[in-house]
**Student:** 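Submitted below is the structure of interest, expressed as structure tokens.
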There are 2 protein chains.
Amino acid sequence: MLSAHPHPFDPLSPAEISLAVRHLKDAFPNDNLSFRVVTLLEPAKAQMIPFLEAERSGKPSTPTPSRSALIQFYRGKPTDFREVWIELESGKITKEKILSGKHSYVDSTEMQAAEKACMAAGEVQKVIRMLELPEEAVVCIEPWSYGTDGMNDIAERIIMCFFYMRLKSHGDANHYAYPLDICVEMSGDLSVKRILTLPLGENDRAGLVSEVGVRPFDRNKIHRSSEYHPDLVEERRTTTKPLQIVQPEGPSFQVEGNQLTWEKWQMRVGFNYREGLTLHDITYDGRSVFYRLSLSEMFVPYGDSRTPYPRKGAFDLGSNGAGVNANNLKLGCDCLGHIKYFNGHHHTTAGDPIVLPNVVCCHEVDDGILWKHTNYRTNNAIVTRSRILVLQTIITVGNYEYIFAFQFTQDAAINYEVRATGIVSTAPINLGQTVPYGTLVGPGVMAPYHQHLFCLRIDPAIDGHSNSLMVEESHPMPLDNPNIHNPFGVGYTTVSKIVETETPLDTDVTKARVFKIVNEGVRNPVTGGPVGYKLVPHYSQMLLAHPSSYHARRSEFGEHAVWVTRHHDRELFSSGDHTMQSLGGEGIASWIRAREKPQGVRNADIVVWHTFGTTHNPRVEDWPVMPVDKMTVSLKPVNFFTANPSLDVPISAQDVNRSVLVESCAKL
Amino acid sequence: MLSAHPHPFDPLSPAEISLAVRHLKDAFPNDNLSFRVVTLLEPAKAQMIPFLEAERSGKPSTPTPSRSALIQFYRGKPTDFREVWIELESGKITKEKILSGKHSYVDSTEMQAAEKACMAAGEVQKVIRMLELPEEAVVCIEPWSYGTDGMNDIAERIIMCFFYMRLKSHGDANHYAYPLDICVEMSGDLSVKRILTLPLGENDRAGLVSEVGVRPFDRNKIHRSSEYHPDLVEERRTTTKPLQIVQPEGPSFQVEGNQLTWEKWQMRVGFNYREGLTLHDITYDGRSVFYRLSLSEMFVPYGDSRTPYPRKGAFDLGSNGAGVNANNLKLGCDCLGHIKYFNGHHHTTAGDPIVLPNVVCCHEVDDGILWKHTNYRTNNAIVTRSRILVLQTIITVGNYEYIFAFQFTQDAAINYEVRATGIVSTAPINLGQTVPYGTLVGPGVMAPYHQHLFCLRIDPAIDGHSNSLMVEESHPMPLDNPNIHNPFGVGYTTVSKIVETETPLDTDVTKARVFKIVNEGVRNPVTGGPVGYKLVPHYSQMLLAHPSSYHARRSEFGEHAVWVTRHHDRELFSSGDHTMQSLGGEGIASWIRAREKPQGVRNADIVVWHTFGTTHNPRVEDWPVMPVDKMTVSLKPVNFFTANPSLDVPISAQDVNRSVLVESCAKL
């Protein structure tokens, strides 16, 4: 049964997924349909703005935008890939696109099928036997989507199968610790295309096993130090005593459906197969701040220049999906305190809805002091503690984990924190050798250099939808200009510029460059300037791959740290809608280039995109499992309010916080 | 009574302070001594290295270095300022320096005396009457140390008294909300030197009240919105429910004297009047990592170019002291959970020891996930949570607060976190006017732009005292070099260079420049490279003041983000030993310049200095009290261990963590 009144931002319910699937089957009665995507088609912003305004004002609602699904499916065969938009109530198809030349994302069903077919292939088994593996080992295949390198006809879907082995004795033994020196290209029809032998030194090159055989390589070096599973780690520290979060009156948040209220924040929680967690219609104290926040895309290019490694360039959202790869979060493990979980919904390729349980968790965290002042005249100290609301989702993409968290603060800031963890990707290397684009992490195990580049999509609604991007810098006042009073050489001022048309921008810490999203139409009554929020970037090296490379052509957003575009409803994914085996020319730079004329972004409905990440040249300390590497981006009010919005936060007091004085804690 | 066996790094005990004072009085029997500094003279490193090695190895200890005090005092009058080093046991003076031309730091006794004398002066009272202040107001004076601007003979000690008023009705009413338009220069003898009228617009200039009188200025604009004290804030949110940290088995740390042990970390906690918290002999799992960590100096220059504001340039360590201004931390307010406090010790000007209670707190924090991996083949998720040990100290310097915290992690990293909070400094401004170097935060109240520049002193001992600084960058491999294999344009490698001689360096995020402190003599058995720790900088704009300005000449460290010097025992303070009314030429750049020949820093006992901070152009949200602005610097192992040092941290489990599932939390 359909929910009587879903909110326009609510993800499709299982019943709605079924209904959409039924409509599509009715429309294509004679075809064998394979459902790749059945997700909410978010209503056009032009429809949503009056709806949200009416909703906010508590007035009798304007008509609720109708519910529609966006469906991507194979009609009969994977090469007939299509997208339709369907109105759920009427079953009417409002748009139909044949996605010729595009590939759908890859899911675990396909990956496992490729792995199984690869392993079962006689020619692969023959090569495995040639490797003469140790008795205690079992072979594992790690399938990778094919990162375009120009060496294959991209119309054909290809899966790369990398080979590893693991200790037979334990199912969670770490196979990444034993990279083998072969890899198999699998065709879309799950047949073996090529079996390659991998380079084992800087001057080695990949070859076809059929031509060069397998090379001499020590595959017998068992090293127990590369295990991470607790069953296989011999010593475990016992010094860490329990620490628990107790909330005697329960959490400070309320949830109704997908609407979340916490302190003065209100927002709607969304979720889809691709972006995972999305946030909608974010307000603070009733004032509109952001229309939509989401991770738009991420790209993980590897720096090893030798074939086949340039094929390792993963779009973990576009080609894998942050939603479908989201972890089922566990009480007490992934967070502490009082935890509310949100489920996601997806579907089988047959179109049957499935639940993705506990994919988002919501909880509160104490973040130390929020503000303090001691009046030295009276010795009175006033302290408040910072409480933070965290909305967290964790994804596993093969070897690697990403922990994505939106954090809301009491002083009206939003942080987006990414923690990278999991197991670094590995490649085989000859004992005694090194390469200049990787770190040795075990005997015969090389962890190649790579980058993680994230693109946060910020769809602002700062006191409305007419916003501008102001770039502000701090410059010394000149010393030698007789019209400028700077007699002691210490003066400095800010220089601001409003961005007029769609453009990429770079960070510049030497000028303290600040990116402010402002509403020029709303003046702050205290400062006299426009109200706004500023983007506090995570300073990052941009994409290292050459602009002519497929990595650069496919990722586009990785070239610059900040982009501003005019809002377009379906411009959500900064490397394009279809990244799987993409050739480039579909992302944010291409959109801007393709406009008929430069689009104005001043006093307009704009979107700001922030590219950030890390150049991850692994340390051996990242092995066999990596301690989190944290990156944080913030959105902070800048002259949006008339004073510190956290001025009214409870004063910190021992009778509430119940800390314990440690009198003595000498060693035993 | 003296402790039988103080550790050489232990701060002076009250009994030792008394003993040192007695020795000095014996040496100057006929003088009226005013004690400015009585602190531990840390033993020479050359003495400490064999001592620590013997201590670590558990061998019969080599001779314990003798205890000595460093004393700075006025002999009779403030212009006769001296420093002596005294052996505590023998009373022998091992060094005596007449600090001619130098000024001691300013303390609250002196500030309060200046304030009182200023207020009592007849000519000041006369000017106050000219201001025609509202009935409900009371005048406050905010004394500032005099930032050199070249307009006075610096041999004379000067205090700047800025004027404010506050609501008479409450002792903690916020006087910074009512800056008055006069300021008084006080001489060292506490007589009034000059009474100035302050500029009230961009084109105003300061003048002598005796010449120009006081200007028209609206001093009657009472605005309750500028109060922060809870008695004066009318609305307070009640939505934040209690959150407590419970540690049923107590803390995971042990303390014996000043030696702190937590997880695999061990260190000695130090404290002195100037740097506040210092850390010594830091080891992880028995391996030496850092010899000494401390905040060396900080500088807060203001960007308002108009006299007298170029005098606002505060060295909060050198001229005020992070130790003597440290807050008495309160249970349950400044931190949660199980808390151990450390006291500091200081003395009166008469030489009597005093306790500075609870100046350092030690507690643990849960910091979310430390590492996680889900094996998608078995669906087994292994998660560990990150526990952090925090050593925190908070200082109040007039209007402003700094929260300094060293954080130790289970994966062997050390973070240094600074949180800036408190009340921004303010200046008067005419209603309806703006200035390009400040933000309006209330009617007639301007918060000037300023910078906070911190200098962290890192004295490394990475597996010993022979260390080097390696600068590493990530560079794309060339596309057109036939000798380099980069057929797809995606390859990148790291380029490393060891710094050979003392030099400043800059950050460069576009090259992912990394600063590694390495021990070239100790090779990592897995990677083959040197063991090391890397400095993860806080990316910051450097000093904006012109190189010819006194701000620049006095701060020196503010010019570059990273400096490497050869270790010298008493080179602790990167803007020189005496910053009060300093003229420059005494800091880190001057040390390097003054060497007889360039000093090698490769395979040497080196010190690394990191300058970081923020260009703080206030937001109105920073008013009337500022939500914390956080800055974090990290020191992370980089190929120091042979694997993830947190691999053995307890696996996260609900039976220990006892989280609570929120089933329903709809709004009431």
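Just so we're on the same page: letters track the sequence lines, and every chain starts at 1. Bear in mind that the values here come from a model prediction, so they are computed numbers and not experimental data.
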**Student:** Of all of A:T642, A:V365, A:T439, which one pairs up most often with chain B through heavy atoms under 4.5 Å apart?
**Tutor:** A:T642

**Student:** So, A:S474 versus B:N617: side-chain donor-acceptor pair below 3.5 Å or not?
**Tutor:** yes

**Student:** Could you look at B:N486 and say if it's the side chain, the backbone, both or neither that has a heavy atom under 4.5 Å from chain A?
**Tutor:** both

**Student:** Nearest 0.5 Å, what's the CG-CH2 distance between B:N644 and A:W623?
**Tutor:** 11.5 Å

**Student:** Need one label for B:V383: side chain, backbone, both or neither, based on atoms under 4.5 Å from any heavy atom in chain A.
**Tutor:** side chain

**Student:** Is chain A contacted by the side chain of B:R237, its backbone, both, or neither, given a heavy-atom distance below 4.5 Å?
**Tutor:** both

**Student:** Salt bridge check: are A:D334 and B:K372 linked by an N-O gap of less than 4.0 Å?
**Tutor:** yes

**Student:** Quick check on A:V233 against chain B: is it the side chain, the backbone, both or neither that has a heavy atom closer than 4.5 Å?
**Tutor:** side chain

**Student:** Tell me, side chain or backbone of B:E401 under 4.5 Å from chain A's heavy atoms, or both, or neither?
**Tutor:** side chain

**Student:** Go through B:R619, B:Q451, B:Q244 and name the one with the most non-hydrogen pairs under 4.5 angstrom from chain A.
**Tutor:** B:Q244

**Student:** Ignoring hydrogens and angles, state whether a donor on the side chain of A:N524 or A:N639 is under 3.5 Å from an acceptor on the partner side chain.
**Tutor:** no

**Student:** Any idea which of A:I423, A:D304, A:T409 has the most non-hydrogen atom pairs under 4.5 angstrom with chain B?
**Tutor:** A:I423

**Student:** So for B:Y309, is it side chain, backbone, both, or neither that comes closer than 4.5 Å to the heavy atoms of chain A?
**Tutor:** neither

**Student:** Could you look at B:A381 and say if it's the side chain, the backbone, both or neither that has a heavy atom under 4.5 Å from chain A?
**Tutor:** neither

**Student:** Does any backbone or side-chain atom of A:M477 lie under 4.5 Å from a heavy atom of chain B? Answer side chain, backbone, both or neither.
**Tutor:** side chain

**Student:** Should the pair A:K264-A:D648 be classified as a salt bridge under the 4.0 Å nitrogen-to-oxygen rule?
**Tutor:** yes

**Student:** For chain B, which candidate among A:P301, A:S108, A:G398, A:C140 shows the most heavy-atom pairs at distances under 4.5 Å?
**Tutor:** A:G398

